[in-house]
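Labels below follow one simple rule: chain letters A, B, ... track the order of the sequence lines, proteins then strands, and each chain is numbered from 1.
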2 protein chains.
Amino acid sequence: MPSEKPWRIPKVAVTVDLAVLTVRDGALQILLVKRGIEPYQGMLALPGGFIASTEEDIEAAAERELAEETGLTADQLHLEQLRTYGTPERDPRQRVITVCYLALVPDLPMPTAGGDARAASWVPVAHVLNDDAEIAFDHRSIIADAVERARSKLEYTTLAAAFCRTEFTMTELRRVYEIVWGVELDPRNFHRKITSVDRFLIPTGHRTTRDGGRPAALYRRGTVAVLHPPILRNSDPVTVS
Amino acid sequence: MPSEKPWRIPKVAVTVDLAVLTVRDGALQILLVKRGIEPYQGMLALPGGFIASTEEDIEAAAERELAEETGLTADQLHLEQLRTYGTPERDPRQRVITVCYLALVPDLPMPTAGGDARAASWVPVAHVLNDDAEIAFDHRSIIADAVERARSKLEYTTLAAAFCRTEFTMTELRRVYEIVWGVELDPRNFHRKITSVDRFLIPTGHRTTRDGGRPAALYRRGTVAVLHPPILRNSDPVTVS
DNA sequence: CCAAAAGTGTTATTAATACACCCATGC
DNA sequence: GCATGGGTGTATTAATAACACTTTTGG
């Protein structure tokens, strides 16, 4: 920890960047802003910014940026630290390390650029990962990390519900899994599996017919955060070295 | 990202701290150093230090610190970023944010303070988490995060083998799980489970009788990194809010 | 009536668990 | 021989997957 030479400490600029994911129009999408200045002018980048002062908490900075970009406050969404990126060359101007946060938000009618003047827009992550979009800095690989984190978190937590509005149907929750994982799930087995997990979902007693057909029960997010056992997606074994 | 006012960027000091875990004498232990200076003089802290220059990569700084403390290089162990801690009050002298890394190492005859003069020692994590040891800064909660990360990684990756030497027996691997999770596992079912995972372990053809009894086959780490399906520990459901 | 989606029951398959039993060594 | 740990077989139980079938709405 703090060594014996406090008079020779290199100080660096620290930014907080946000990977804000939502499920929208049948696709996993990420909130990106078009850069107005060099470097990477005109390219898409994660929303974020330098910490406001040397005394601003990192977590608070993330919440502040998120409120600026989306108008959402911390109790309406899921926010967690993703990881910190700090290779020396990642910003051509100067050494900048960035602490990235992952936010999962429902598909709300977004106040486009709430307060802030920057043009934030939703971009399907498939476009980003397929090289169909020009992405500034190392943000493409950060987005890849964010998507992978979200995908694996659906397996062993109840975070899929973070993509849903306050009240949602079992089918809407299932669509989240299907879209984020890119798979098809049996509606009947899914229903049974989810309802068998105690306190994953709380029935509100309300019903809706917005998906067509027989009215579906509406649920709210429950109090369980971790799933034991997890809901596993099928995937090929990942190897190393 | 980088906002429109590069002339007013607050810069902060950045440290890299290491949570180095090993399984030793039947317990999960962490490498800690005794602080020689204020603040928290005489208390135990995670090894680490300021990044050496504004151009040093964070990952490289972690590897450098690890080599200084243990003499181990990156190919002999597992090293991953844990998370970044940056509350303004965490260092009473000045604003310091720390990027923490988690290292899993085998129980090797450690060159105690390899090169570096600091007195590093192994401390059972149970002592740390039970408040039986005085821990500097916010390092106790960082250690708790590191231990939880290691515990959950054993479930869905092959990282348990990172705690073992180059060649190890099935029983030695099982002891890792038992010690890290604090459970007992059936040796027979464990043996079958592990051997049924393709490329988790590679038989070396060698045998040993170091655990007593019938000679056991020796294995090396295989090439699979992620376990599908995971090996689940039994745990109580975790709730939120 | 028909289409569409919700939800339940039943069965086949697969994985997890418990434990009986034999094997190969040191002493 | 006997103790100790290594390793296989097998029966029981539980979780998963596939899918037939009934329910309840809108048109």
Side-chain angles (χ1 to χ4, degrees), chain A residues 26 154-156 160 164 167-179 181 183-198 200-220 224 226-237, chain B residues 26 154-156 160-161 164 167-179 181 183-198 200-220 224 226-235 237:
Chain A
L154 292 205
E155 291 192 308
Y156 58 93
C164 298
E167 292 203 343
F168 52 92
T169 67
M170 191 63 76
T171 295
E172 288 165 349
L173 183 67
R174 177 167 48 84
R175 293 247 190 274
V176 169
Y177 280 91
E178 293 180 331
I179 290 165
W181 285 350
V183 298
E184 286 220 332
L185 298 173
D186 185 295
R188 301 158 294 188
N189 291 335
F190 181 83
H191 184 281
R192 213 186 334 237
K193 178 120 190 177
I194 300 297
T195 49
S196 74
V197 178
D198 190 36
F200 187 162
L201 299 184
I202 299 167
T204 63
H206 306 153
R207 307 192 141 262
T208 182
T209 178
R210 63 183 174 229
D211 293 319
R214 172 175 166 181
L218 284 165
Y219 300 90
R220 300 187 276 112
V224 183
V226 177
L227 288 178
H228 274 273
I231 302 170
L232 297 174
R233 58 188 157 143
N234 302 323
S235 74
D236 299 318
Chain B
L154 291 206
E155 291 192 305
Y156 59 92
C164 297
E167 293 204 343
F168 51 91
T169 66
M170 191 63 76
T171 295
E172 288 164 349
L173 184 66
R174 177 167 48 83
R175 294 248 189 273
V176 169
Y177 280 91
E178 292 180 331
I179 289 164
W181 286 348
V183 298
E184 288 221 329
L185 298 173
D186 186 296
R188 300 158 293 185
N189 292 335
F190 182 83
H191 185 279
R192 210 183 340 230
K193 177 117 191 178
I194 300 297
T195 49
S196 74
V197 178
D198 189 36
F200 187 161
L201 298 184
I202 298 167
T204 63
H206 306 154
R207 308 193 140 261
T208 183
T209 179
R210 63 183 174 231
D211 294 319
R214 172 176 165 180
L218 284 166
Y219 300 90
R220 300 186 277 112
V224 184
V226 177
L227 288 179
H228 274 274
I231 302 169
L232 296 174
R233 59 188 154 141
N234 301 324
S235 75

Of A:K193 and A:T209, the one whose closest nucleotide on DNA chain D sits nearer the 5' end is A:K193
Atom-pair distance (CG on A:L227; P on D:dA15), nearest Å
14 Å
If you look at every heavy atom in A:R210 and A:T208, which pair is closest and at what distance?
N-OG1, 3.1 Å
Roughly how many Å is it from CG in B:D186 to P in D:dT8, rounded to a whole number?
14 Å
For A:K193 and A:I231, the nearest pair of non-hydrogen atoms, with its separation, is CE-CG1, 3.9 Å
With under 30° as parallel and over 60° as perpendicular, where do the rings of B:Y177 and B:F190 fit, or are they tilted in between?
perpendicular
Here the distance between atom P of C:dA24 and atom NE2 of B:H206, to the nearest Å, is 20 Å
Interatomic distance where CD1 belongs to B:I231 and P belongs to C:dA15 [whole Å]:
14 Å
Tabulate protein N/O versus nucleotide N/O from nucleotides 6-9 of chain C, keeping only pairs under 3.5 Å, one per line.
unit_1	atom_1	unit_2	atom_2	d
C:dA6	OP1	A:T171	OG1	2.3
C:dA6	OP2	A:T171	OG1	2.8
C:dA6	N3	A:R214	NH1	2.9
C:dG7	OP1	A:A217	N	3.1
C:dG9	N7	A:R192	NH1	3.1
C:dG9	O6	A:R192	NH2	2.9

Distance-minimising heavy-atom pair for A:L232 and B:P230
CD1-CD, 3.6 Å
Does B:R175 pair with B:E178 as a salt bridge, N-O distance under 4.0 Å?
yes
Whole angstroms only, please: what is the CZ-P distance between B:F168 and D:dG5?
20 Å
Could you tell me the separation between the CD1 atom of B:I194 and the C1' atom of D:dG6, rounded to a whole number of Å?
15 Å
Could you tell me the separation between the CZ atom of A:F190 and the C1' atom of D:dA18, rounded to a whole number of Å?
17 Å
Taking all non-hydrogen atoms of both residues into account, name the closest pair between A:T195 and A:R192 and its distance.
OG1-O, 3.1 Å
